[in-house]
Amino acid sequence: MEAFTQKVVFVIQHIPSGKVMTYGQIAAHAGSPRGARQVARLLHSMSSKYNLPWHRVINAEGRISIQDEVRREAQEQLLRDEGIEFSGAKVDLAKFRYDPGQDSF
DNA sequence: AGCTTGACTGTGG
DNA sequence: ACCACAGCCAAGC
């Protein structure tokens with residue numbers, strides 16, 4: 001596949017339960033190391049169309065980047081349900097970050 | 001065919 | 001820890 005969009009979707013759909021990925025990571029695996037913002041944009045507009053586990057995507061700090069309070073809390077709850085622990089408002093990326101590596105694709 | 005926008009990220013004060 | 005700036009690039013207008 002070639003479309004950046006489809007690669008992003010592919011990667012996100014492959015994030016296992018109990019793990020998370022950052023926008024930058026996903027962008028890198030999709031072939032655009034600098035396309036973190038596009039990943040965010042795609043989630044924003046396609047999460048409803050593609051049934052994506054958007055809640056497993058967070059920013060580089062391990063925080064939820066959503067501005068809408070209701071959605072942000074919903075995401076945190078979903079992650080907790082999958083066994084992901086929050087240190088305050090942050091996720092421990094060292095433990096819960098999913099890194100498939102280049103050999104997986 | 002431009003211009004604007006953003007669920008980002010790294011750097012620097 | 002917090003704020004400001006500057007690259008980044010696809011989608012939407």
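So that the names make sense, note that chain A is the first sequence line, chain B the second, and so on, each numbered from 1. Predicted model, so just to flag it, every value in this text is computed and none were measured. Values below: every heavy atom of this structure, side chains too, minus hydrogens, waters and symmetry copies.
R80(A) has a carboxylate O that lies under 4.0 Å from a charged side-chain N of E76(A), or vice versa, which qualifies the two as a salt bridge. We find that R56(A) and E82(A) are joined by a salt bridge, their nearest charged nitrogen and carboxylate oxygen being less than 4.0 Å apart.
Atom pair L79(A):CG and dA7(B):C1' shows a separation of 13 Å (rounding to whole Å applied). Here the P atom of nucleotide dC8(B) and the CH2 atom of W54(A) are 14 Å apart, to the nearest Å.
At a threshold of 4.0 angstrom between heavy atoms, the contacts of S32(A) with the nucleic acid are absent. G35(A) comes within 4.0 angstrom of nothing in the nucleic acid, heavy atoms only.
Contact annotation: S65(A) reaches the phosphate of dC8(B) (side-chain N/O to OP1 or OP2, under 4.0 Å). Under 4.0 angstrom from either OP1 or OP2 of dA11(C) there lies at least one side-chain N or O belonging to T5(A).
Side-chain atoms of R41(A) come within donor-acceptor range of the base of dT5(B), with a qualifying N/O pair under 3.5 Å.
When the nearest nucleotides of DNA chain B are assigned to A60(A) and Q38(A) by heavy-atom distance, the more 5′-ward of the two goes with Q38(A).
For R37(A), the side-chain atoms get nearest to dC8(B) when compared with the rest of dC8(B), dG12(C), dT9(B). Nearest nucleotide to the side chain of R34(A), out of dT9(B), dA11(C), dC8(C): dC8(C). Taking only side-chain atoms of Q67(A), from C-beta outward, the nucleotide of dT9(B), dA7(B), dC8(C) with the closest atom is dA7(B). For K90(A), whose side chain is taken as the heavy atoms from C-beta onward, the closest listed nucleotide among dA1(C), dG6(B), dA7(B) is dA1(C).
When all heavy atoms of G18(A) and I84(A) are compared, the closest pair comes out as O-CG1, 3.6 Å.
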